[in-house]
Amino acid sequence: MMKKKLLSLALAAMMTLSLAACGGGATSTPAASSTPVASSGAAASTGVKVGVSMPTQSLQRWNQDGSNMEAELKAAGYEVDLQYAGDNDIPTQVNQLENMITGGCKVLVVAAIDGGSLTEVLKTAKDANIPVISYDRLIMNSDAVSYYATFDNYKVGQFQGNYIKDALDLDNQAGPFNIELVTGAPDDNNVNFFFGGAMDVLQPYIDSGKLVVPSGQTSKAQCATPNWSTEESQKRMENLITSNGYGPSATKLDAVLCSNDSTANGVTNALLGAGYTADNMPIVTGQDCDKPSVKNMLAGTQSMSIFKDTRTLASQVVEMVDCILQGKEVPVNDTKTYDNGTGVIPSFLCDPVICTQDNYKELLIDSGYYAEADLA
Ligand code: BGC
């Protein structure tokens, strides 16, 4: 796996160099990127409508993704039809996509709720020659998908697994350490990479007995959280606490792998309810740097999160839209990893970064992602 990964990273680096981006640089900052995108794409973009379909407004990140996309597309001269599919409601997302297709959108940018449920509606897009960009989550089983833009999801999982490995010093301590595992929505293809990436790090320690999963729940299906729901992950953690007798002065629990912040929040709530405090909290991982989780990190009740700068992803996707509409080469840096069942989808993977108490200021405040007051 590692060798494959290194190879694909090398290839990725080469491709980034060879495919000079049509809009003026793949890694440009959001502020800088809107200028070249607007100037190079102004003619192609004027009055052209782009459909942006987001899964839900109930999680902070999708609101940011939606508004970043809308702002950047508008700044580049496009008209934007931005829709949120209720609270992860699949029929609503399908309806909204139908309306975008009949409503004259020239490109669709879609963050799917269920990666496998858009096959039919996207046939219509393909018939109408409307290119589809899969946003953050890969749309499965559809040959209508032209490109995929996301963060390196496997790396996210590896970061989480390695964080636990290092924090427990698994290579030097005798253990055994107790851990429970929580991942996200089983119909989100990203889960395979988050959970898979983390388990590639942790499984050898589970196999050797240094890490023990007392519940015995180690499969993706057993660890899944429908809709990435905080309430669901809290319920599951409460059940795990009861059935395994975890507590600050009972059976020790050393770590909980959580694939993202919304599930981490549920887990943290359950642990606080069982009497844990910042002083004796198990290691809890996360992803997204949602405000509640950053506050928990600062309070010592979540150990880490992963910063995925949604501004970077939005810029990248706007550049993809621009290149597609101008008939130029679309910048991608991965043509191996993401097969959606109809073949590999050319992808651009942005870089995730580990965030902890130690670097949150630099990552989140200095970069203008949040103001200090947001985290008070
Ligand atoms: C995204 C994560 C997010 C999760 C829940 C995943 O597909 O990559 O950033 O936390 O969905 O919305």
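Start at 1 and go down the list; that is how both ligands and their atoms are numbered.
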Hey, are the side chains of L168 and Q173 touching, using non-hydrogen atoms and a 4.5 Å cut-off? no
- [ ] Evaluate the side-chain proximity of C289 to L364: yes if any heavy-atom separation is below 4.5 Å, no if none is.
- [x] yes
Taking every heavy atom of A264 against every heavy atom of C258, the minimum-distance pair comes out as CA-SG, 3.7 Å
**OP:** Please determine if N190 has a nitrogen or oxygen closer than 3.5 Å to a nitrogen or oxygen of ligand 1.
**Re:** yes
*asked:* Please check whether R61 reaches ligand 1 - meaning an N/O of the residue sits under 3.5 Å from an N/O of the ligand, judged on distance alone.
replied: yes
Fill in: Sidechain N-carboxylate O distance under 4.0 Å for E70, K74
yes
- Query: Any salt bridge between R61 and D136, counting N to O under 4.0 Å?
  - Reply: yes
At a 4.0 Å threshold, what atoms of ligand 1 neighbour a non-hydrogen atom of [X]?
X: D188; value: 6 (C), 7 (O), 11 (O)
X: N260; value: 3 (C), 4 (C), 5 (C), 10 (O)
X: F194; value: 8 (O)
X: D136; value: 1 (C), 6 (C), 7 (O), 8 (O)
X: R137; value: 4 (C), 5 (C), 6 (C), 7 (O), 11 (O), 12 (O)
X: K308; value: 1 (C), 2 (C), 8 (O), 9 (O)
X: L59; value: 5 (C), 12 (O)
X: W228; value: 4 (C), 5 (C), 6 (C), 11 (O)

Tell me whether W62 reaches ligand 1 (any heavy atom closer than 4.0 angstrom to a ligand atom). yes
Do Y205 and F177 make the cut of ring centroids closer than 6.0 angstrom? no
the protein heavy atom lying closest to atom 10 (O) of ligand 1 turns out to be D288 OD2, 2.5 Å
Whether N269 side chain and Q234 backbone form a donor-acceptor pair below 3.5 Å:
no
Review point. Once the angle between the rings of Y338 and F193 is folded into 0 to 90°, is it parallel (under 30°), tilted (30 to 60°) or perpendicular (over 60°)?
Key: tilted
